[in-house]
Structures are given as C-alpha cells and as structure tokens.
Amino acid sequence: MIDFAPINVPFHRRLQTAVVLQWVFSFLALAPTCIILFFYLLFTRYWLISVLYSIWWYFDYDTPARGGRRVPFLCGNKVWEYMRDYFPIKLVKTADLDPRRNYILGFHPHGILVAGAFTNFCTYTTGLRELFPGLKTYLLMLPLWFRAPFFRDYIMCAGLIPSHKESACYPLRQRGGGNAIVIAVGGAPEALDAHPGTYNVLLANKKGFIKMAMEHGAHLVPVFSFGENEVFDQMENPRGTWLRSIQERLQSIMGISLPLFHARGIFQYSFGLMPYRKPINTVVGRPIRVEKNEMPTVEELDALHQLYMDELSSLFDEHKGNYGVDKDTHLNFV
C-alpha cells in the first residue's frame, strides 16, 4: 500500500523537497539532457547557440583542470539552506585548519549521491567559511561529466573540478595556501557498497591521494560522513553475485557505477529516487602533517597510508556514539 504524504505539509518542507528534487535531477539526468539539447539546437533556428558555445568551449576547454570557475554568489545562495534542512546536514569541526597550508580532505564513505560532500564543501550553507576561514574547497568529480556541454559550466559554478591528477594537483601547487581538494576516496566503486547500516570503506589499496599529498606537502585530513549510507536503500548486491559482477563490469567500461537504489517519492513515502529525510553529520578530523617529498619510497608511502587509516578509524570511533552507531561497530577497510 502506498503511503502518501499528507496534504497539509508545511510550505517550507515542500520547498525543501523541491530543492532536493532539482539536485537529484542534476546528478542523474541533467548531463544527458544538456547533451541532447546541444545537438537538438543545431537542427533548429537556434543553431547559432550551439555553434557559439562550441567556439567558447574550445577556448575554455582547460578551465576545469585549472581550478574551475566557482561562482560564490551561487554557492552562498539561500536556496541551499532548504537542501541542508531537508535531511538535515551538519558540518562538524574537530580542529583548526591553517589557511596558510594546502590540504587533501579524504571524504568517506562515498554513499550513493555524496550528498554530504556536495552540501558541505560546494555550498556555504553549513558554515564552511565560518568554521574554516580562508579555506577554499574543490570537490573532485569524474572527468566524464566535464565533457557534457552546458553541464560542465553548471558544475564548475559550485567549485567542482575533474578528478584526474592534473586537475587535482592544480590547487595544491598554488602558493599561499588556503586550498583544499575534497576526494571521495572510494569513488564510484564504493557506491556499490552503500547500504544502510554498513561501514565499508574502500581504502585498503587506495594510495594515489597519499602520494599526491607527499609530492605537494599537502596535509591530509580524514573526513567521515555519518548517515551518508542511510539516505537511500539499494538492491542487495553482495560481491560474487551476478548483479555485482555486471555492475563492476559496467563500472570498468564506463567509469561510473550503477547502484540500483531507491528511497521515497515526491508526494509519497513508499518508493522513488528522492532520498530519505535522515540526518547526515560530516565530521572533519585533525590534519595529518605531511612533509613535501617528491620521490617517496614504497615504505614511506605505506607508512603514511597506514597512519591515515588509523586516524580515520580513530575519528569514527571517537564520534560514532554521537550519531547512533553501536559502540562495537568499527570501520571495515576493503
């Protein structure tokens, strides 16, 4: 039986739902919509729009790899407060981050749609600028999405940049500090493990971001987002099953994972692609000091990687009690 939302839902909650709906649409469907629009316009009397955009795109092609083009007005727009309050989402600070340094923030877990990473580090609605003054964050996203016309400009407005090495290193090379790249370390494959009540972190063999930190002398900061896996259900797909094999195969071909997720709808609570209204608390840990070492040895890389995992585990264990996680639950590094 379908559980419909009551008619007398307060207007501000309707607005929250509307803002999250556009965010889900942007994440899932806006890129292909923009591609279709681009080619459609070529066969209409508005063909000049696509032609002029192509010329603009040619000269602007490298912008995503050079820090993008953030629009602070859009990042600070009050509309994002409705998205924050829908779940709600909170950014929790545990230590100061010196704005004279550059940082790599490792975000865990990826979840289905990385709602916590986007809201906390691409908008200013959870207090990023007040909690970490002087820090400018860049959230890494699959390079594939920066090849979609119009869409690339839209996501750059929020401070998103491609996740390839050249792009990720650009902010870290800037002198004066105050730059932080945010990496969902588990990436698209980790989304396939994003089931409610699970704490699997795809990190055991992820050392590229550790090496990058050493090469640039960027301090490492573990970040754990409690509740990230709780806002969607996902069809059961244990490793070794036919479904998981197909998903992993498609991920290796396309670069994006395809978790079969569901939650609630717009006007009913029984099914749909809207996330559940469950709290997300993103806890930013203490920075791990990293000395610049452009040619780290395997032993040095492994030692820092282990230290990072230890710090992430400590962060999780220290705060899990505040967010309803059983005291006997620990992170499972995959």
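Treat the numbers as computed from the prediction; the structure is a model and nothing was measured. In this chain, numbering begins with 1 at the start of the sequence shown.
Across Pro222 and Glu311, no two heavy atoms sit closer than the pair CG-CB, 4.2 Å. Here the closest heavy-atom approach between residue Phe132 and residue Ala95 is recorded as CE2-O, 3.5 Å. Taking every heavy atom of both residues into account, Leu42 and Ser50 meet most closely at CD2-CB, 3.5 Å.
A donor-acceptor pair under 3.5 Å links the side-chain atoms of Gln234 to the main chain of Ala191, judged by distance alone. For Glu291 (side chain) and Met214 (main-chain N/O), no donor-acceptor pair under 3.5 Å exists by modelled atom type. Looking only at distances, a side-chain donor or acceptor of Thr44 sits under 3.5 Å from a matching main-chain atom of Leu41. Using modelled atom types, no side-chain atom of Gln247 and backbone atom of Ser257 make a donor-acceptor pair closer than 3.5 Å. The main-chain N or O of Pro171 is never found under 3.5 Å from a side-chain atom of Gln174 such that the two would form a donor-acceptor pair. Between the side chain of Thr297 and the backbone N or O of Glu300 there is at least one donor-acceptor pair closer than 3.5 Å.
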Query raised in the report: Passes side-chain hydrogen bond (donor to acceptor under 3.5 Å, both in side chains), His195 versus Asp233? Steps please.
Result: CA-CA 6 Å; His195 295 272; Asp233 290 317; over 6 Å; no
Report task. Kindly indicate, with the supporting measurements, whether the criterion ring pair (Phe, Tyr, Trp, His ring centres under 6.0 Å) is fulfilled by Phe224 and Phe226. Result -> CA-CA 6 Å; Phe224 195 86; Phe226 291 90; 4.8 Å; yes
Query raised in the report: Yes or no on side-chain hydrogen bond (donor to acceptor under 3.5 Å, both in side chains) for Asp310 and Gln306, after CA distance, side-chain angles and deciding distance?
Result: CA-CA 6 Å; Asp310 292 342; Gln306 185 60 54; 3.0 Å; yes
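Clustering ILVMFWY residues whenever any of their side-chain heavy atoms sit less than 4.5 angstrom apart, transitively, puts Ile112 in the very cluster that holds Leu28. Tracing side-chain contacts under 4.5 Å through hydrophobic residues (I, L, V, M, F, W, Y), one never reaches Val79 starting from Val71; they form parts of separate clusters. Connection of Phe107 to Met141 is established within a shared hydrophobic cluster, with ILVMFWY side chains joined at heavy-atom distances below 4.5 Å, either directly or through further cluster members. Following chains of ILVMFWY side-chain contacts shorter than 4.5 Å, one can reach Ile35 starting from Trp57, so the two form part of one hydrophobic cluster. Tyr269 and Phe4 fall into different hydrophobic clusters, where Ile, Leu, Val, Met, Phe, Trp and Tyr side chains are chained together by heavy-atom contacts under 4.5 Å.
Sorted by first and then second residue, the pairs that involve residues 106-119 and meet side chain to side chain donor-acceptor pair (under 3.5 Å), not counting sequence neighbours, are His108-Tyr308. Under the side chain to side chain donor-acceptor pair (under 3.5 Å) criterion, the residue pairs touching residues 68-81 are Asp60-Arg69, Arg69-Asp153, Lys78-Glu81, with sequence neighbours excluded. Within the structure, salt bridge (charged side-chain N to carboxylate O under 4.0 Å, His left out) contacts touching residues 92-108 (residues at least two apart or in different chains) are Lys93-Asp96, Asp98-Arg100. Within the structure, every pair that satisfies the side chain to side chain donor-acceptor pair (under 3.5 Å) test and touches residues 6-20, not counting sequence neighbours, is listed here: Gln16-Arg277, Thr17-Arg277. Among residue pairs with one or both ends in residues 211-226, those qualifying as salt bridge (charged side-chain N to carboxylate O under 4.0 Å, His left out) are Lys165-Glu215; sequence neighbours excluded.
Side-chain contact check for Thr282 versus Val92: every heavy-atom pair is 4.5 Å or farther apart. Counting heavy atoms from C-beta on, the side chains of Phe333 and Ser313 come closer than 4.5 Å. Within the 4.5 Å cutoff, side-chain heavy atoms of Arg173 are placed close to those of His216. Using a 4.5 Å heavy-atom cutoff, the side chains of Glu190 and Val201 are in contact. Between Leu113 and Pro275, every side-chain heavy-atom pair lies at or beyond the 4.5 Å cut-off. No side-chain heavy atom of Leu203 sits less than 4.5 Å from a side-chain heavy atom of Val334. Residues Phe87 and Pro279 have side chains not in contact (no heavy-atom distance under 4.5 Å, counting atoms from C-beta outward).
The structure places CD1 of Ile288 at 11.0 Å from CD1 of Ile104, a figure rounded to the nearest 0.5 Å. Note that the NE2 atom of His330 and the CZ atom of Phe316 stand 8.5 Å from one another [nearest 0.5 Å]. For the atom pair CD1 (Ile161) and CD1 (Ile181), the distance works out to 6.5 Å, reported to the nearest 0.5 Å. Interatomic distance, CZ of Arg175 versus CG of Asn102, reported as 12.0 Å (0.5 Å rounding). For the atom pair Phe118 CZ and Leu160 CG, the distance stands at 7.0 Å (nearest 0.5 Å). With rounding to the nearest 0.5 Å, the separation of OG1 in Thr33 from CD1 in Ile36 is 6.0 Å.
Taking the salt bridge (Lys or Arg N to Asp or Glu O under 4.0 Å) definition, one finds that Arg244 meets it with Asp193, Glu248, sequence neighbours left out. A search for side chain to side chain contact (heavy atoms under 4.5 Å, CB included) contacts involving Leu142 returns Trp145, Ser163, Ile256, not counting sequence neighbours. For Glu130, there are no salt bridge (Lys or Arg N to Asp or Glu O under 4.0 Å) partners at least two apart in sequence or on another chain. Listed by chain and number, the residues in a salt bridge (Lys or Arg N to Asp or Glu O under 4.0 Å) with Asp3 amount to none (sequence neighbours excluded). Ala180 meets the side chain to side chain contact (heavy atoms under 4.5 Å, CB included) test with Tyr103, Leu105, Leu135, Thr137; sequence neighbours excluded. Scored by the ring-ring contact (aromatic ring centres under 6.0 Å, His included) test, Tyr82 finds no partners at all (sequence neighbours excluded). Residues meeting the salt bridge (Lys or Arg N to Asp or Glu O under 4.0 Å) test with Lys320, sequence neighbours left out: Asp317.
A cation-pi arrangement is not found for Arg66 relative to Tyr170, the charged atom failing to lie both closer than 6.0 Å to the ring centre and inside a 45° cone about the ring normal.
Between Phe232 and the options Phe261, Phe271, Tyr276, a ring pair (Phe, Tyr, Trp, His ring centres under 6.0 Å) holds for only Phe261.
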